[in-house]
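Throughout, a chain's letter reflects where its sequence line sits, starting with A, and its residues are numbered from 1. We use all heavy atoms of the structure for the numbers below, so side chains are in, but hydrogens, waters and symmetry mates are not.
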2 protein chains.
Amino acid sequence: MNFSTAEENYIKTIWRLQQSDSNVTTNELSAELQTKPASVTDMLKRLKEKKILNYEPYYGVKLNNDGKKVALSIVRRHRLWEFFLAEKLGFDWDAVHDIAEELEHVSSTELIDRLDQFLGFPKTDPHGDPIPDSKGRIEAINHFALTQLKEFQTAVVVNVADQDNSFLEMLKQKKIGIGTKLEIKQRFSYDGSVEIKIRNLPLITLSEQLAKNIFVKAV
Amino acid sequence: MNFSTAEENYIKTIWRLQQSDSNVTTNELSAELQTKPASVTDMLKRLKEKKILNYEPYYGVKLNNDGKKVALSIVRRHRLWEFFLAEKLGFDWDAVHDIAEELEHVSSTELIDRLDQFLGFPKTDPHGDPIPDSKGRIEAINHFALTQLKEFQTAVVVNVADQDNSFLEMLKQKKIGIGTKLEIKQRFSYDGSVEIKIRNLPLITLSEQLAKNIFVKAV
DNA sequence: ATTAAATTTTAGGTAAATCTAAAAAATATT
DNA sequence: AATATTTTTTAGATTTACCTAAAATTTAAT
């Protein structure tokens, strides 16, 4: 089946939201897509007719198996283009998202499979998110939020939330990126902030809001 | 100013047609874009309001200077992507057009300028068409149709029409590509066909229709 | 258990880009 | 020059993807 750019944006967003939420609400989608709730309802009805999701009025929405397949192919395109932009064209990691947002809607399968090969079948995009393979298989996530890290345990940043430009700019300024090794020195229960140490750099404090969008793996 | 995909397709097509025609008619556009003449009229009115072309009812249309600039930037995107697809992803030259048709509408200037640099500032696309530079400058065309070539003069193919897939497939089958050296051995006035010799290959006859879409430079 | 608040849907409307059918204008033919 | 033909435009509809305002439903608070 064939999907418009608008439909693809809904599918991709529902997929992302249902990772954590299981049942996605109209308001969540409305906020995420910057459209009015009434427009979301409209689109959900249309996508339901295309049989890629389960939608019951007032009870939220969930992609079915077909929908998940579509979502994974969009995510694959997005992340491969992000990798291309960063690796081959030298874009900063905080600049790739918006351009990939447009490129992802070019839907030739042959294009994407050849791009994948050209890039050497990369496993993750520049934010550390896993890239689904041509069969739609995606690596299970085995990292956790920096807020979850135990004190004095060393970890490496493997993933960061891939949404907000101001967030990514802030990380760049704090010199935190994929592969950065760090350790929690202190944890403030008052506001949930954490004090971390990165090799060679002075101690810095991160707000809970920031820390919970940085994902690490123990080393 | 910003243009929709549909608008960009009109602008690009008007630009191409006005190279030979100067004043482009509604019917020509309708045929080229596979839309009804009534739809063309609608769009021309809208583009006139955006002040990128001169359009008088019943008298055809012509891009003005601003329109030409827009057209050249679309053509630049299209041809750079074609080059990328052929050179980096290994697509056949007859497969690149349709995919580039979609990629060309991703309009980030930074993306295109970085792509240009990554590709080594190529001068022509896989069909031999010149690629406008970042300032919109494009190489003047100094080749001529194969039908124009004098008998027994050697020439090299520098350009082929970039429209029809069946045309490009036929060229591939006849082993004619950019850079192919050839010579006209005989010319048949009855149907305008020409007999040509390509090094190592037996003599072949090309219809006028085919020959007039192959462009050469004397060597 | 009502009432209040928040969420979601319905109803009706708009703009872009297309269409068909009919009218108008330009071009070609006799 | 009058008529026929072709081309182009106008008028009115349709689909997609959005919107606002009002109604319906669910959830929270008293």
Side-chain angles (χ1 to χ4, degrees), chain A residues 1-14 17-18 20-63 67 70-71 74 101-102 104-107, chain B residues 1-14 17-18 20-63 67 70-71 74 101-102 104-107:
Chain A
M1 212 187 308
N2 239 40
F3 298 95
S4 70
T5 296
E7 286 172 337
E8 287 194 347
N9 284 333
Y10 274 85
I11 296 166
K12 190 183 50 164
T13 305
I14 296 167
L17 293 176
Q18 81 180 27
S20 36
D21 235 21
S22 150
N23 237 49
V24 182
T25 69
T26 302
N27 254 11
E28 283 179 279
L29 278 168
S30 154
E32 207 67 26
L33 291 161
Q34 316 262 61
T35 53
K36 300 292 152 176
S39 309
V40 173
T41 302
D42 263 16
M43 181 61 100
L44 293 182
K45 281 197 227 156
R46 243 177 305 141
L47 290 177
K48 183 185 179 155
E49 267 169 33
K50 293 201 168 187
K51 298 188 195 306
I52 55 161
L53 46 76
N54 300 111
Y55 163 64
E56 284 311 318
Y58 296 104
Y59 275 86
V61 69
K62 203 171 173 178
L63 293 177
V70 178
I74 304 166
E101 206 66 2
E102 293 193 55
E104 73 188 6
H105 301 295
V106 176
S107 61
Chain B
M1 213 187 305
N2 239 40
F3 298 95
S4 70
T5 296
E7 287 171 336
E8 287 193 347
N9 284 333
Y10 275 85
I11 296 166
K12 191 183 50 165
T13 305
I14 297 167
L17 294 176
Q18 81 179 26
S20 37
D21 235 19
S22 149
N23 237 51
V24 181
T25 69
T26 302
N27 254 9
E28 283 179 277
L29 278 169
S30 154
E32 206 67 25
L33 291 161
Q34 317 260 62
T35 54
K36 301 291 153 178
S39 310
V40 174
T41 303
D42 263 17
M43 181 60 101
L44 293 181
K45 281 196 228 156
R46 243 175 304 139
L47 290 178
K48 185 187 179 151
E49 267 169 32
K50 293 201 169 189
K51 297 187 197 306
I52 56 161
L53 46 76
N54 300 113
Y55 164 64
E56 284 311 318
Y58 296 104
Y59 275 86
V61 69
K62 203 173 174 178
L63 293 177
V70 177
I74 303 165
E101 207 66 2
E102 293 193 57
E104 73 187 5
H105 301 296
V106 176
S107 61

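- Interface limits on DNA chain C: the 5'-most and 3'-most nucleotides within less than 4.0 Å of chain B heavy atoms are C:dA16 to C:dA26.
- Interface residues of residues 43-54 of chain B facing DNA chain D, ordered by number: B:Lys45; criterion, heavy-atom separation under 4.0 Å.
- Contact record, A:Asn27 with A:Pro37: OD1-CG, 3.6 Å, taken as the closest heavy-atom pair.
- The structure places CD1 of B:Ile74 at 7.5 Å from NE2 of B:His105, a figure rounded to the nearest 0.5 Å.
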Audit row: B:Leu44, B:Ile14, side chain to side chain contact (heavy atoms under 4.5 Å, CB included) steps and yes/no: CA-CA 10 Å; B:Leu44 293 181; B:Ile14 297 167; 4.1 Å; yes

Detail all sub-3.5 Å separations between protein N/O atoms and N/O atoms belonging to nucleotides 22-25 of chain D.
from: D:dT25; atom 1: O4'; to: A:Tyr58; atom 2: OH; distance (Å): 3.4

Which protein N or O atoms sit under 3.5 Å from an N or O of nucleotides 19-21 of chain D?
from: D:dC19; atom 1: OP2; to: A:Lys36; atom 2: N; distance (Å): 2.9
from: D:dC19; atom 1: OP2; to: A:Ser39; atom 2: OG; distance (Å): 2.5

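- Between atom CG of residue B:Asn2 and atom CD of residue B:Glu8 there is a gap of 8.0 Å, rounded to the nearest 0.5 Å.
- Remark: the backbone N or O of B:Tyr59 is paired with a side-chain donor or acceptor of B:Asn23 at under 3.5 angstrom.
- Contact between the side-chain N/O atoms of B:Asn27 and the OP1/OP2 oxygens of D:dT6 is not found at any separation under 4.0 Å.
- Rounding to the nearest 0.5 Å gives a distance of 8.0 Å between OH of B:Tyr10 and CG of B:Asp42.
- In this structure, B:Ser30 contributes its side chain and B:Thr26 its backbone to no donor-acceptor pair below 3.5 Å.
- Looking at residues two or more places apart in sequence or on another chain, you find a salt bridge (Lys or Arg N to Asp or Glu O under 4.0 Å) between B:Glu7 and B:Lys50.
- Ion pairing of B:Glu101 with B:Lys12 is present here, as a side-chain N (NZ or NE/NH1/NH2) and a carboxylate O approach within less than 4.0 Å.
- For B:Thr26 and D:dT9, the shortest distance from a side-chain N or O to OP1 or OP2 is below 4.0 Å.
- Using a 4.0 Å heavy-atom cutoff across all strands shown, B:Thr41 reaches at least one base atom of the nucleic acid.
- Listed here is the closest heavy atom pair of B:Val106 and A:Glu102: CA-OE1, 3.7 Å.
- Distance alone, capped at 3.5 Å, places no donor-acceptor pair between the A:Glu32 side chain and the A:Thr13 backbone.
- Residues satisfying the salt bridge (Lys or Arg N to Asp or Glu O under 4.0 Å) criterion with A:Lys48, sequence neighbours excluded, are A:Glu56.
- Scanning all heavy atoms of the two residues, the minimum distance from B:Ile11 to B:Gly67 falls at CG2-O, 3.9 Å.
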